[in-house]
Every structure is written in C-alpha cells, then in structure tokens.
Amino acid sequence: MKCLVTGASGFIGTHLVRYLLDAGHEVRAVSTSVPARNYFDEKLENVQVARSAVDTADWLEVCRGIEVVFHLAARVHRGDNSSPSARLIYFQDNLEMTRALAEAALKARVRRFVFTTSVAVYGAASVAGEAFREDSPVAPRPDSVYAQSKRAAEEFLLSCVALEPVIVRLPLVYGAGVKGNMATLMRLASSSVPLPLAGIDNRRSLINVSNCVDFLLTAACHPNAGGQVLLASDGEDVVTPELIRMIARELRKPVRLFSMPPTLLRATCSLFGQKARFEKLAGSFQIDPAASCALLGWSPKTSLAEGIAQMCATARDRKSGN
C-alpha cells in the first residue's frame, strides 16, 4: 500500500512512518521542515510542503499515486489562541490545509483519507461516570479555537464521501518522545517535589502511541471504516494521582503526593494563572471506544502499564545518553 503521512516529523507521525515501513508499506512522508527521520529505507520518500500550503495545487503532485492519506499535520495548543489573528491561523492550518489536501486527494483518486482529530470536540470534560461515545453530541462551540478548527475540518471531510474519510478522535497520546501535557507530568513526577494532588478523584482516557498507530493502520485498511467517526484508547482509564505514581516508579523517583481540598487547589492555581492546567490535571475526560473496536475487530496490544514503562525507559535512556 502506498501511503501519504502528513505531520511525519511530529510525535505521532514519526511512530506511524516507522510502523508503516515495518509493515511493508511504501511511505511518502510530508513535513514542513525536517525529514521524518534520518534513517534510510528504500520504501520511504521524504517531501517538504510549506506550512501555508492551502491551495489544492500545492498538494496535487504530493498525492499522485497514493492509496491512503494519513493526515496528522495540525496546529495544536500553543499559548494564547483567543485573538482574531490566532483564530485565523488555526483555521488556516487545520481547516483550509485539510480542505486543499482532500481536494487534491480526490483528484488523485486516493481511496481513503484517515484524519486524526481530538476528543476536545466534545468539550472540556466528561460528566463523572458518563464516557463520550462515537455518537455523543459534540460541543455546540468547543472551548478552544483548536477544537473548533478540528471540528470544522471533520465536517468538511465527512461531506467528501468519495474519499472514504475516516475521522479518528484521539484522547491524550503518550509514549516515547511525547511532549505537551504528558511531558509536563513526567517532569513533575521526576522532580521529587511534594505535589498536592493525592486527593484528585478523576478518570482520564489515554492511548499509547503504539496502540494509536496500530489503530490508524487498521482504520485505513478495514472495509467498514469508510465514512465513520471512530474513537480509540488503551481501554484503561486512570486517575491522575495513580498516573503520577506509575511514572515516578518507572523513573525510579520517590513519590511525594499529599492532599489539598480541590476547591483550594483550584483557587490557588487560578491565582497563579494556571487554572487551565489544573483542569487538565484534575478534570475527568473519559471515552468509550467499544463500538469502534467492535467495528474494526481491534483491541489495544499495549497495556497502560506497559506503555508508561516504555515511555519512561526511553526518557531514562535519553537522560543517561544511551
């Protein structure tokens, strides 16, 4: 199978490129700056496309001869995104680029378009004991401009029936080389600083990057996936204090957690301008991917404990220079 991967130099992209090559597929890896990896493989073709590539003509040659597009490239959460100029940039990168790529893919007769999006389209949090499912209503206006732009791209792609679009809504993805919120949590867990998080009683769904790329390839190949909105996770929801304990143990650091009333903790975080970060740590966000797993006959191969252990082992090796 000849695959196109956008965002190939990103966290998920680098893992997906390697996974596809190992599975025997040909890969055209698209990035806006550096090649996907500095390894040689006769089935890997690196292509650079400008971040401002929002014209169909920019993508026509890139899509030529491709059977499946994996569209991972996106502008993610960065700093203040509430200004009109930020909104314009998010919609340009996450909607207009997707539109241009999809239209080029249609002209190139690509048979399937797999689009990674976010569970953030449902809102900022789930209600205790009620997980989001594939058919759960999305938020009328998602909280972040990032989620709004991803939802707009979903709607456009679902109208492109000939492409057999597959919309994959992902929770927090973690694994070797992770950045963002999980990297922050790893730094906190390894700092040995006492953390007032022991009293948090939330539930969050996660997916290990190895499970993620396996799910994406399954969605690309399965005959019933076309036109579907799918969810994927490790199938094991976790509370934040236990996640910190797991990470600390694997990093061989002492665990120092103590309890602070959630209302006081929230107020303290708000005082220091960290309310959004607190909600990420303390809030619940659960998804139930049972229907997607049943549709594809898929189940996660890596458990949460195994995934955390692999992520931390890589972090330890990098720190020691191995």
Side-chain angles (χ1 to χ4, degrees), residues 11 74 76-82 90 116-134 136-151 168-175 178-189 191 193-208 212 231-248 255 257-290 304 307-308 311:
F11 168 52
V76 296
H77 310 280
R78 286 205 179 109
D80 177 25
N81 58 29
S82 59
Y90 272 86
T116 57
T117 179
S118 171
V119 294
V121 299
Y122 293 117
S126 59
V127 177
E130 295 183 21
F132 290 115
R133 295 177 174 82
E134 295 83 354
S136 296
V138 297
R141 183 177 175 82
D143 292 342
S144 68
V145 68
Y146 162 75
Q148 293 166 23
S149 62
K150 294 295 272 188
R151 175 56 185 158
V168 182
R169 293 175 180 160
L170 296 172
L172 178 64
V173 184
Y174 69 96
V178 70
K179 298 178 182 179
N181 291 327
M182 183 59 78
T184 299
L185 201 60
M186 289 178 69
R187 286 193 294 271
L188 286 173
S191 68
V193 173
L195 301 171
L197 305 174
I200 292 175
D201 184 22
N202 63 345
R203 298 291 185 279
R204 297 197 74 90
S205 300
L206 311 172
I207 186 167
N208 181 261
C212 177
L231 295 175
S233 79
D234 287 344
E236 303 174 69
D237 296 342
V238 64
V239 297
T240 296
E242 180 55 27
L243 180 59
I244 293 172
R245 291 187 185 99
M246 293 172 70
I247 293 171
V255 182
L257 296 178
F258 66 95
S259 293
M260 178 184 287
T263 51
L264 178 58
L265 185 55
R266 180 180 286 105
T268 303
C269 290
S270 298
L271 183 63
F272 288 96
Q274 298 296 319
K275 182 180 178 181
R277 183 161 290 181
F278 169 79
E279 297 300 341
K280 292 282 186 183
L281 281 171
S284 289
F285 207 117
Q286 292 179 273
I287 61 171
D288 178 4
L304 176 65
I308 295 296
M311 176 180 70

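Everything quoted here is computed from the prediction, not taken from an experiment.
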Could you pull out all donor-acceptor pairs under 3.5 Å where a side-chain atom in residues 179-186 meets a protein atom, sequence neighbours excluded?
| unit_1 | atom_1 | unit_2 | atom_2 | d |
| --- | --- | --- | --- | --- |
| T184 | OG1 | G180 | O | 3.2 |
| T184 | OG1 | R187 | NH2 | 3.2 |

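- No donor-acceptor pair closer than 3.5 Å links the side chain of S233 to the backbone N or O of S205.
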What's the verdict on side-chain contact (heavy atoms from CB on, under 4.5 Å) for F11 and V173, showing C-alpha distance, side-chain angles and the deciding distance? CA-CA 9 Å; F11 168 52; V173 184; 3.8 Å; yes
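- The residues R203 and D201 are annotated as salt-bridged, a charged nitrogen and a carboxylate oxygen being separated by less than 4.0 angstrom.
- Judged by distance alone, the side chain of S126 and the main-chain N or O of Q286 form a donor-acceptor pair under 3.5 Å.
- Although no hydrogens or angles enter the test, the distance criterion places no donor-acceptor pair under 3.5 Å between the side chain of D288 and the main chain of R133.
- No donor-acceptor pair closer than 3.5 Å links the side chain of Y90 to the backbone N or O of Q148.
- Between V121 and A147, the closest heavy-atom pair is CG1-O, 3.8 Å.
- For the atom pair L170 CG and L206 CG, the distance stands at 12.0 Å (nearest 0.5 Å).
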Set out, in order, the CA-CA distance, both residues' side-chain angles and the distance that settles side-chain contact (heavy atoms from CB on, under 4.5 Å) for V76 and Y146, then state yes or no. CA-CA 6 Å; V76 296; Y146 162 75; 4.2 Å; yes
Take Y122 and F285 through the ring-ring contact (aromatic ring centres under 6.0 Å, His included) test and state the conclusion after the steps. CA-CA 10 Å; Y122 293 117; F285 207 117; 7.0 Å; no
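- Judged by distance alone, the side chain of K150 and the main-chain N or O of R169 form no donor-acceptor pair under 3.5 Å.
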